[in-house]
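Let me begin by presenting the structure, written as structure tokens, before commenting on it.
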Amino acid sequence: AGMNGTAIENFVCVIFNVSFMNCTWHVGRSASGDTQYFLYWKTSKKEDFTGCQNYIKDNCGRHTGCRFQNVTIENKKAYFLVNGSRSGQNIQSYMKTIILISDYIIVEKLTPPSNVTVNCTEASHGCEIQWQRPRTSHVKKDGCFKYEIVIENK
């Protein structure tokens, strides 16, 4: 239901610092200046949707994103619904189920590896570098990470 072109576009979520998530979108092409959007999400089909508590707004005061805290996505799926309203007219809803393993709608900006240690010995003419993988919101396997080390002689 709703007029074509009024649903949001370019929906993207970014997880950072393990448990914070920002979701953003663009206003629909045919949406008027008095259109307002509302984001709801859940991490299980059995849950009820939870509404955004901290909206990101554009210059017109329209909601164009949401900031979430204490995010955990244990089961690798998240369900999003963005609906809207404007004076007396229906706005097309946007609904998306995101599977974290295969979808790129959610991006995670990783923290740096922790507990980095370097042990160099003259006898072996080499160095051993060790670290712990970055903390993440949902990836638990070490094999999911690739690292690049840049060594500079000083």
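- Put simply, the side chain of Gln36 gets close to the backbone of Gly61: a donor and an acceptor are under 3.5 Å apart.
- Taking the centre of each ring, Tyr40 and Phe80 stay at or above the 6.0 Å mark.
- Residue Lys42 holds its NZ atom at 7.0 Å from CG of Asp48, rounded to the nearest 0.5 Å.
- Counting heavy atoms from C-beta outward, Thr64 and Lys57 have side chains that stay 4.5 Å or more apart.
- Between the OG atom of Ser30 and the CE atom of Met3 there is a distance of 4.5 Å, given to the nearest 0.5 Å.
- For the residue pair Gln132 / Asn115, a side-chain donor-acceptor distance below 3.5 Å is found, with atom types taken as modelled.
- Residues Pro134 and Tyr147 share a closest heavy-atom pair of CD-OH, 3.6 Å.
- The aromatic rings of Tyr55 and Trp25 stand perpendicular to each other, their planes meeting at an angle above 60°, with 30° marking the opposite boundary.
- The shortest side-chain heavy-atom distance between Phe38 and Ser85 falls under the 4.5 Å cut-off.
- Atom-to-atom distance recorded for Thr6:OG1 and Asn83:CG is 11.0 Å, nearest 0.5 angstrom.
- What you find for Leu39 and Cys66 is that their closest heavy atoms are CD2-CB, 3.6 Å.
- At a threshold of 4.5 Å between non-hydrogen side-chain atoms, the residues Trp131 and Ser114 do not count as touching.
- By the rule that hydrophobic residues join a cluster once side-chain heavy atoms approach within less than 4.5 Å of another member, Val82 and Val71 end up as members of one cluster.
- The two residues Cys120 and Val118 have their closest heavy-atom pair at SG-CG1, 3.7 Å.
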Stepwise, does the side-chain contact (heavy atoms from CB on, under 4.5 Å) test hold for Arg62 with Val27? CA-CA 8 Å; Arg62 294 180 293 195; Val27 171; 3.6 Å; yes
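- For the atom pair Thr117 OG1 and Gln130 CD, the distance stands at 4.5 Å (nearest 0.5 Å).
- No side-chain heavy atom of Phe16 sits less than 4.5 Å from a side-chain heavy atom of Met21.
- We find the CG-OG1 distance between Leu81 and Thr97 to be 10.5 Å, quoted to the nearest 0.5 Å.
- Atoms CZ and SG, from Arg67 and Cys23 in turn, are 11.5 Å apart once rounded to the nearest 0.5 Å.
- When atom types are taken as modelled, the side chain of His63 and the backbone of Tyr37 share a donor-acceptor pair closer than 3.5 angstrom.
- Under the 6.0 Å cut-off for aromatic ring centres, Phe11 and Tyr94 qualify, their centroids lying closer than that.
- Glu47 is not listed as a side-chain neighbour of Trp41, based on a closest heavy-atom distance of 4.5 Å or more.
- Side chains of Met95 and Tyr79 form no contact here, defined as non-hydrogen atoms less than 4.5 Å apart.
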